[in-house]
Amino acid sequence: MPTEAPPLPVLRSLALTPRALELELDPADLHLGVELGALVAEADREALVGLVTALRLAEREGSSRLPLTGADFDRFADPLALDAATRALASALAADPERLSPVTGDPSAFRPLLVAEGCLYPQRMHALEVRLGQRLAERARTPGVDPASVDDALTAVLARPPILAGRPMLLSEEQRGAVRAACSRGFTLVTGGPGTGKTSILVSILRTLVRVGVDPATIALAAPTGKAADRMRGATEIALGRIVERTAEDDSLLASLPGAQTLHRLLGFSPRDETFRHHEDDPIAASVVVVDESSMIDLGLADRLVRALPVGAQLILVGDAHQLPSVEAGAVFRDLCAAADTEGAAVELTHSYRMDAGDPDGRAVLEAARAVDRGDTAALLGVSPKRASELAFAGFERAGANELDPFLERWWERFAAPLLVGADVPLEAERGRLLGDSEAAAIARFDRMEQARLLSPTRARRQGVTALNEALHARAAAERGLEGGRTLAFGEPLLVTRNDYERNLFNGDQGLVLPVRTERGVRPSAVFRTRDGVTAYPLDAVRSLTELAWAVTVHKAQGSEYDVVALVLPAEPMPLTTRELVYTALTRARSGALVLGSDAVLQVAVESRAERFSGLQARFSGG
């Protein structure tokens with residue numbers, strides 16, 4: 001009979017505990033190894049604890065599995081300083097998955113830990129990969145609309161383009177190919193960098209599908225975050241509304257197309273019991289599902305989405321495979337694009353329409369982002385660092401790490417202080433909704449807030465989001481004559497950090513602290529621009545789900561765009577600081593991108609890939 005697992009305090013005697021905590025693992029991660037260790041021989045217990053801790057570290061860094069040999073294993077073993085016994089156990093398991101039965105086994109066994117392709121999996125992660133890969137492979141082989149019908153419909157769409165910025169929204173042959181692929185297959189991925197026309201393609205896909213008989217009411221638009229969903233909805237509605245010679249199909253699409261929503265809302269997520277209403281036995285009511293910003297989808301959410309699709313429904317994932325992968329485990333979009341490229345289910349857009357001679361600043365930002373994506377550190381370091389006083393906040397610029405304090409002063413003067421001007425004038429609201437002039441004034445403030453944003457890879461350290469927010473909050477409090485701490489100044493930006501379905505606020509939504517007059521008088525409020533208008537909530541009521549947003553992490557900025565972004569790098573290289581992170585930060589900017597940090601840290605970041613260990617690509621290809 002197995003012995004009872006040691007109580008949690010015993011873990012403090014393990015040599016790897018301090019290192020695990022430094023790596024932001026928690027005691028529960030260690031305790032998992034202890035619980036499983038109670039099921040194996042005493043001689044293997046501590047080694048298994050170390051191995052499970054390495055697996056949890058791999059999961060925390062976004063991998064779904066732990067390589068058991070070579071340099072890939074060392075990547076997780078070395079930070080934990082795992083001993084020779086643990087390393088020997090890893091090698092033994094790679095050769096014999098039954099070595100620690102009944103805890104480990106090969107994929108045919110139902111065990112807590114599985115060994116496949118020389119890697120250690122939690123059983124759940126392996127099951128998710130297998131199920132998702134096989135189901136998507138089946139959909140990729142399922143034809144969509146007849147290609148001849150798609151060609152006829154696309155020809156009709158191209159004859160009546162929307163007029164945006166005074167010019168017709170025309171599609172290149174590359175973009176037309178993406179539309180044809182998306183409409184003709186059961187599963188398609190469309191990947192492209194900034195300015196490659198993904199929005200143009202999305203609108204053309206919708207118009208083409210309606211012309212081949214798809215009911216627009218059965219088309220679902222979704223994105224991983226509320227911010228990305230709002231951008232998707234807004235861009236789609238604007239383009240459809242600017243078709244000069246709309247047909248009956250276009251009018252039907254504009255009138256009946258459901259608004260974009262978060263994936264969690266599409267799937268009927270219940271925060272109370274953390275369950276999803278839609279699944280195999282109760283699929284969503286859609287014949288076509290289009291998801292934007294798909295690089296942000298993690299393995300678990302992708303599985304939930306595919307399980308909830310009706311039989312025969314088309315799935316179209318749109319995104320940028322070069323951006324940061326999801327916060328949670330998996331690099332689903334990137335892995336699928338790599339696998340689907342050989343299957344013909346992935347379309348990559350390469351031509352950028354922002355590379356315009358009339359927009360030299362936007363061109364410079366995009367060229368810098370492309371240099372990052374190529375790993376071309378010479379091109380980036382060839383841009384000489386400037387003093388903070390010399391920054392123009394246009395094009396691509398660099399500043400040294402020693403310029404942080406004067407840079408923050410410049411940033412305050414240029415972008416932060418204007419948010420406070422006039423922000424103490426009360427706005428009028430009825431039942432929490434701003435109306436008339438107050439609504440217009442709030443929208444103008446949101447437009448100003450979204451002109452620029454500070455970004456950082458991490459929350460911790462002097463260069464992290466917490467310290468940057470504290471520094472700018474202190475300036476705002478001083479300007480208003482307030483004491484620091486929790487007292488927020490009118491005009492300060494907020495970020496929603498978790499979903500609140502009752503208030504219709506979602507992780508990533510941005511707001512402002514403003515005074516609002518209601519039936520109960522003037523009170524400090526958190527004001528948000530949502531799809532339903534501009535809404536105000538008492539500040540105290542939403543403090544627990546919001547935080548200051550003078551600066552946000554790069555992950556939180558995904559799905560957003562600003563005129564100007566500034567990426568503040570840490571003082572020394574960190575695992576989080578990768579090529580994908582720098583690329584994602586730069587591609588948030590329309591016309592100005594600044595990187596503040598040392599040459600050495602920037603070089604290491606651009607040369608480091610956000611590598612995640614996953615078997616999804618092989619599952620899809622072999623599905």
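Since we're looking at a predicted model, the values are computed, not measured.
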Leu488 side, atom CG; His473 side, atom NE2 - distance, nearest 0.5 Å
5.5 Å
Give me the atom names and distance for the closest heavy-atom approach of Ala593 to Ala589.
CB-CB, 4.0 Å
So do the side chains of Leu206 and Val203 get within less than 4.5 Å of each other, counting heavy atoms only?
no
Look up atom CG in Leu254 and atom OG1 in Thr236, then write down how far apart they are to the nearest 0.5 Å.
10.5 Å
CG/Leu408 to CH2/Trp550 distance, rounded to the nearest 0.5 angstrom?
12.0 Å
Any non-hydrogen side-chain atom of Phe528 less than 4.5 Å from a side-chain atom of Thr546?
yes
Within 6.0 Å of CD in Glu430, more than 12 heavy atoms from elsewhere
no
Chi angles and distances behind the side-chain contact (heavy atoms from CB on, under 4.5 Å) call for His322, Thr587
CA-CA 10 Å; His322 300 279; Thr587 54; over 6 Å; no
Would you find a donor on one side and an acceptor on the other, under 3.5 Å apart, between the side chain of Arg517 and the backbone of Pro426?
no
Taking the side chain as every heavy atom from C-beta outward, state whether Gln558 and Thr584 have any atom pair closer than 4.5 Å.
yes
If you take all heavy atoms of Ala429 and Val516, which pair is closest and at what distance?
CB-CG1, 3.5 Å
Show your reasoning for whether side-chain contact (heavy atoms from CB on, under 4.5 Å) applies to Leu454 and Phe415.
CA-CA 10 Å; Leu454 278 175; Phe415 300 113; over 6 Å; no
Member of Val244, Leu240, Ile243, Ile238 meeting the side chain to side chain contact (heavy atoms under 4.5 Å, CB included) criterion with Pro162
Ile243
Residues Val289, Leu266; criterion side-chain contact (heavy atoms from CB on, under 4.5 Å); working and verdict:
CA-CA 10 Å; Val289 176; Leu266 173 68; 4.2 Å; yes
Is Thr191 reaching over with its side chain to a backbone N or O of Ala321, donor-acceptor style, under 3.5 angstrom?
yes
Any non-hydrogen side-chain atom of Ser295 less than 4.5 Å from a side-chain atom of Asp320?
no
Side chain to side chain donor-acceptor pair (under 3.5 Å) with Arg529: of Asp447, Thr535, Asp230, only one passes, and it is Asp447
Taking everything shown except Arg387 itself, do over 12 heavy atoms lie less than 6.0 Å from its CZ?
no
Hey, is Asp540 close enough to Arg523 for a salt bridge, meaning N to O under 4.0 Å?
no
Given 3.5 Å as the limit, does a donor-acceptor pair link the side chain of Asp292 with the main chain of Met232, or not?
no
Within this structure, what is the CZ-CG distance for the pair Arg445 and Leu420, rounded to the nearest 0.5 Å?
8.5 Å
Between Lys198 and Gly192 (side chain of the first, backbone of the second, donor and acceptor by atom type, cut-off under 3.5 Å), is there such a pair?
yes
Tell me yes or no: between the side chains of Gln510 and Glu450, is some donor less than 3.5 Å from an acceptor?
no
Passing option when Asn507 is tested against Arg498, His264, Lys556 for side chain to side chain donor-acceptor pair (under 3.5 Å)
Lys556
May I ask you to decide if Ala392's main-chain N or O and Glu397's side chain share a donor-acceptor pair within less than 3.5 Å?
yes
How close do Leu576 and Pro457 get, counting heavy atoms only, and between which atoms?
CD1-O, 3.8 Å
With the side chain counted from C-beta on, respond yes when Glu547 and Arg459 share a heavy-atom pair under 4.5 Å apart, and no when they do not.
yes
Distance from Leu257 atom CG to Glu237 atom CD, nearest 0.5 Å?
8.0 Å
Looking at Arg410 and Ala388, would you say the former's side chain and the latter's main chain have a donor-acceptor pair under 3.5 Å?
yes
With a 4.5 Å heavy-atom cut-off, do Arg453 and Ser560 have their side chains touching?
no
Is there a salt bridge (Lys or Arg N to Asp or Glu O under 4.0 Å) between Asp405 and Arg462 once you walk through the steps?
CA-CA 11 Å; Asp405 290 335; Arg462 182 169 179 260; 2.7 Å; yes
Below 4.5 Å, heavy atoms only, C-beta onward: do Leu586 and Val595 meet side chain to side chain?
yes
Identify the two heavy atoms, one from Gly511 and one from Met449, that lie closest to each other, and give their separation to 0.1 Å.
O-SD, 3.7 Å
Going by heavy atoms in the side chains, are Leu472 and Trp412 under 4.5 Å from each other?
yes
Between Arg612 (side chain only) and Ser63 (backbone N and O only), is there a donor and an acceptor less than 3.5 Å apart?
no
Can you label the angle between the Phe269 ring and the Phe276 ring as parallel, tilted or perpendicular, going by 30° and 60°?
tilted
I'd like to know if the side chain of Arg433 reaches the main chain of Gly533, judged simply by a donor and an acceptor atom lying under 3.5 Å from each other, with no hydrogens or angles considered.
no
Is the backbone N or O of Arg590 less than 3.5 Å from a side-chain atom of Asp563, with the two atoms forming a donor-acceptor pair by type?
no
Indicate the atoms forming the closest heavy-atom contact of Leu380 with Arg398, along with that distance.
O-CD, 3.4 Å
Could you go through the side-chain contact (heavy atoms from CB on, under 4.5 Å) check for Val318 and Ile205 one step at a time?
CA-CA 12 Å; Val318 182; Ile205 289 171; 5.7 Å; no
Nearest heavy atoms of Ala223 and Val291, plus distance in Å
CA-CG1, 4.3 Å
So, the side chain of Thr577 versus the backbone of Pro573: is there a donor-acceptor pair under 3.5 Å, distance only?
no
From Ile443 atom CD1 to Leu434 atom CG, the distance as rounded to the nearest 0.5 Å:
9.0 Å
For the residue pair Phe393 and Trp411, categorise the inter-ring angle as parallel (less than 30°), tilted (30 to 60°) or perpendicular (more than 60°).
perpendicular
